[in-house]
Protein chains: 2
Amino acid sequence: MRPPTLNLDEYLPYLVNRVGVALALRFGKDALARYGLSIEMWRVLVVLSNNGGQRQVDLGGLTSIDASTLSRMVTRLSRLGLVGRRRSATDNREVEVALTAKGRAALRRLVPTARRFEAVAAAGISRAELADLKRALRLMYRNLALPQG
Amino acid sequence: MRPPTLNLDEYLPYLVNRVGVALALRFGKDALARYGLSIEMWRVLVVLSNNGGQRQVDLGGLTSIDASTLSRMVTRLSRLGLVGRRRSATDNREVEVALTAKGRAALRRLVPTARRFEAVAAAGISRAELADLKRALRLMYRNLALPQG
DNA sequence: TTACAATAGTTGCACGTGCATTAAACTCGG
DNA sequence: CCGAGTTTAATGCACGTGCAACTATTGTAA
C-alpha cells in the first residue's frame, strides 16, 4: 500500500520552482536587501522602468501582485523615495505611479548586478541551449496561464 | 539619464520564477487546497514518501524550509492526521516525522494529479527538449546553490 | 437627473514566515 | 564526572500577504 513515488529530481515543476526560489533568494539577499527591497518591489521598479508610469491596477496586472498588497508596497517604495504617487487628472479614482530620479538611479546600479546573477545561473549553458530554454519556459507559462488545464 | 532597460521577456531569472510561481499557484489552488495543504506541505509529504521518516532537521535540509516554520508545519500536518511525530529512542532531542496511513492515502491520490499538471505544463515540448530542459535546470540550481557567486 | 452597477484604491483581519531567543538533551575535553 | 559548547526543537515577535469589506469616483440606463 505504498503511494506511487514521485522522483523529485526528475519532476519538472519541482526543478523549475527550486531554481526560481534559489534565484530570488540569492538576488534578494545579496543585492536587494542593501536597498531595503524585496524581489516583488524590484519587479515593480523594472516594470515601471520598461513601461513608464502606470496606474496601480495595471501595475498589478503586469506583475501579478494583488491590488491590496501593491497599494501597501507602493507606500513603502514611495517612503523610500523610489517612486512617486499622483492622482490622475482625468479620473480621480486612479493613482499613477512613476519612478523618481532616485528610483532610476537605483535601477542603474541594480540592472548590471541582475545581469551578473543571470550569467552566474546560466554558466555552462550554450547560447543555443539558452535560447531553447527560454523558449520552453515561455511556452510553459502560456500552458499554465491559459484558462484550461 | 534613463536606466539601462532590462527586457523581462528575455531575462532568464524572471522567466524561471514566473513559471515556478504559476506552477505552484495552479497546483496549490486546483488540487492541494481541497486537502488544506500548501505546496510546502506537499513537498514535505513527497520527501517523506520518497526518503521515509526523517528528523525535522533533515526534513528542513531536504526541503529548504526553515526549522521554525517546519516545526509549526508538522504540527498542522499532524493535526490533519497525515504525519506522525515521535521522539527518537536514541536521542531525546530529535523528533522523527513519518507518514501515517492517511498521509500515504493522500499521496496516492495527489501524485497522479501532480503528474497531470506536469504534463499540462510541458505540453508541446518534445522528450528530447524536456530532457535538456531538466538538465539545464539542475545545472542552474548547482550554479546557484554553490557558495560561490 | 437619478438610481444602480462597475471600477480604483485602501484598510481590517487572520495567517504563514523568518529571525532571534530559549529550553532541553547530548558531546567531549579536562 | 563535570562544565562548556553544540545540536534539536519550540516559541515570541514583527512583518508581508491575500481575501473580504468598505469608500470614493465614474459609467450607464431609464
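Naming convention: chains lettered A, B, ... in sequence-line order (proteins, then strands); numbering from 1 in each chain.
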Nearest to the side chain of [X] - [options]?
X	options	answer
B:Val95	D:dA9, D:dG12, C:dA8	D:dA9
A:Ser68	C:dT17, D:dC19, D:dG16	D:dC19
A:Arg76	D:dT8, D:dT17, D:dG12	D:dT17
B:Glu40	D:dT8, C:dG9, C:dT17	C:dT17
B:Asn92	C:dA25, D:dC19, D:dT11	C:dA25
B:Asp91	C:dT10, C:dC26, C:dA8	C:dC26

Can you find a side chain N or O atom of [X] that sits less than 4.0 Å from OP1 or OP2 on [N]?
X	N	answer
B:Arg87	D:dA10	no
B:Lys29	D:dC19	yes
B:Arg55	D:dT8	yes
A:Thr69	D:dT17	no

_Whether the side chain of B:Arg93 and the base of D:dT8 hold a donor-acceptor pair under 3.5 Å is what I'd like checked._
no
*For the pair made of CE in B:Met73 and C1' in C:dG16, what is the distance, rounded to whole Å?*
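The answer, rounded to whole Å, is 8 Å.
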